Asker: 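Could you have a look at this structure, given as structure tokens, before my questions?
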2 protein chains.
Amino acid sequence: MIPNSNKSASRKTRPTRNTPQLNLSGTGMRMTSQRALILEIVRQGHFDADEVYRRAREKMPRISLSTVYRTLHNLKKRSLIEELHFDEEHHHYEVKPSTEHHHLTCLSCGRVIEFQYPLARLIKRNVTEARDFEITETELRVSGYCARCREKGK
Amino acid sequence: MIPNSNKSASRKTRPTRNTPQLNLSGTGMRMTSQRALILEIVRQGHFDADEVYRRAREKMPRISLSTVYRTLHNLKKRSLIEELHFDEEHHHYEVKPSTEHHHLTCLSCGRVIEFQYPLARLIKRNVTEARDFEITETELRVSGYCARCREKGK
DNA sequence: CTCAGTGCAAAAGCTTTGCATAATA
DNA sequence: TATTATGCAAAGCTTTTGCACTGAG
């Protein structure tokens, strides 16, 4: 159902050691099955800790919530994932994108659409207050109502 | 200080009932001393519930934390204040601004600078994904290091 | 073989809720 | 006076932490 991560499909040599998704080598973190799983889940969407936990348990029933929290915390500390702040509850996570990207949220259906837009540059150029700042991050949250929901009556 | 909503400017009839700061009349909420105080505090900056509570207690030692939470919750529900989502802990609140404004946060000293910039318009024009959206809110968080902190060694 | 990572359970924060009392409209 | 709001205390959630055991390197 989910694109498989361990596929040494037709290879018969020894499995290459590059981890399927994100690679932890060089970060000082050991790669464990739990971490691989959590990373794989975070790659699939924006989830909060509890949702990651629920999904993880489907494949690894004995994984603990503390491991989820600790792993998310560690990955964030090493900048491998990012913490997002939606209007809703708590934090959501996603693997760190290489380019600036932002979020458009429909307040009616909850759909979240990602888009890219180079705002740092623009802000630095046009906002006096930001001129002397060394900008390391920008996060734009835009909310409103998507076309689909607007048509659908109301 | 705030453009008054109930204006009987030079009328000399009975004392107008406008509350000093934000006006709750017409919202169905009763004006109590606690709410006046909380509103006054929120006007002073971006605080989380606990900080509002600490400040409120200086003037009204017996105010309860639940009242703070309930009041913030009610004000938010009626859109008199807004909930902000910084990187840090929990929610912060501020009185609802009339124009789009955003936040620049120094990761070193924690200073938060507000600035205005009409992003909705720009996003709607330039981002395909947003074209069919009816945008009701935009919140941009920019973080980095302010000039002051960058000079200060490191 | 070592030390980082895990699971479990308990603790710690933050936020909400029930209920009797106090205060507003 | 009729409600609505408050204070207090207790409950509910989410997140963190201590510890002994397990497993990656």
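Everything numeric here is computed off the predicted structure, so don't read it as measured data.
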Asker: Do His46(B) and Glu114(B) pair up side chain to side chain, a donor and an acceptor below 3.5 Å, judged on atom types alone?
Answerer: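 A donor-acceptor contact under 3.5 Å links the two side chains.
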
Asker: So if I take every side-chain heavy atom of Thr32(A) and compare against dA24(D), dG7(C), dA5(D), which nucleotide ends up nearest?
Answerer: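 Selected nucleotide: dA24(D).
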
Asker: What is the distance from CG of Leu72(B) to C1' of dA5(D), rounded to the nearest Å?
Answerer: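 Value for this atom pair: 15 Å.
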
Asker: Have a look at the helix from dC1(C)-dG25(D) to dA25(C)-dT1(D) and give the angle its two end axes make, five pairs each, rounded to 10 degrees.
Answerer: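 Comparing the first five pairs with the last five, the axes sit 50° apart.
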
Asker: Can you measure Gln34(B) atom CD to dA23(C) atom P for me and round it to whole angstrom units?
Answerer: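 Computing the Gln34(B):CD to dA23(C):P distance gives 9 Å.
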
Asker: Near DNA chain C, counting only heavy atoms under 4.0 Å, which residues of residues 56-64 of chain B show up?
Answerer: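 Heavy-atom contacts with DNA chain C come from no residue of residues 56-64 of chain B; none.
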
Asker: Starting from P on dC14(C), measure out to CZ on Phe47(B) and report it in whole angstrom.
Answerer: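 Computing the Phe47(B):CZ to dC14(C):P distance gives 17 Å.
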
Asker: What is the distance from CZ of Arg54(A) to P of dC13(D), rounded to the nearest Å?
Answerer: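 For the pair Arg54(A) CZ and dC13(D) P, the rounded distance is 13 Å.
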
Asker: Rounding to an integer number of Å, can you tell me how far Met29(A) CE sits from dG23(D) P?
Answerer: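 Distance check: Met29(A) CE to dG23(D) P gives 18 Å.
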
Asker: Using atom names, set out every protein N or O paired with an N or O of nucleotides 17-22 of chain D below 3.5 Å, distance rounded to 0.1 Å.
Answerer:
unit_1: dG18(D); atom_1: O6; unit_2: Arg70(A); atom_2: NH1; d: 3.4

Asker: Tell me the interatomic distance from His73(A), atom NE2, to dA4(C), atom C1', rounded to whole angstroms.
Answerer: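 Taking atom C1' of dA4(C) as the reference, NE2 of His73(A) is at 16 Å.
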
Asker: Measure from the side chain of Arg30(A), starting at C-beta and using heavy atoms only, and say which of dT6(C), dT6(D), dG23(D) lies closest.
Answerer: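 Within the option list, the nearest is dG23(D).
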
Asker: Could you work out, with salt bridge (Lys or Arg N to Asp or Glu O under 4.0 Å) as the rule, every residue matching Lys59(B), not counting sequence neighbours?
Answerer: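 Result, salt bridge (Lys or Arg N to Asp or Glu O under 4.0 Å) vs Lys59(B): Glu40(B).
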
Asker: Partners of Arg131(B) by side chain to side chain contact (heavy atoms under 4.5 Å, CB included), sequence neighbours excluded?
Answerer: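 Partners of Arg131(B) by the side chain to side chain contact (heavy atoms under 4.5 Å, CB included) criterion come out as none, since no residue qualifies.
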
Asker: Atom CG of Asp50(A) and atom P of dT15(D): how far apart are they, to the nearest Å?
Answerer: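 Rounded to the whole Å, the gap is 8 Å.
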
Asker: Provide the full list of ring pair (Phe, Tyr, Trp, His ring centres under 6.0 Å) pairs with a residue in residues 105-142 of chain A, sequence neighbours left out, each pair given once.
Answerer: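 The answer is His102(A)-Phe115(A).
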
Asker: For Arg35(A) and dA4(C), give me the distance from atom CZ to atom C1', rounded to whole Å.
Answerer: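 Roughly 8 Å, once rounded to whole Å.
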
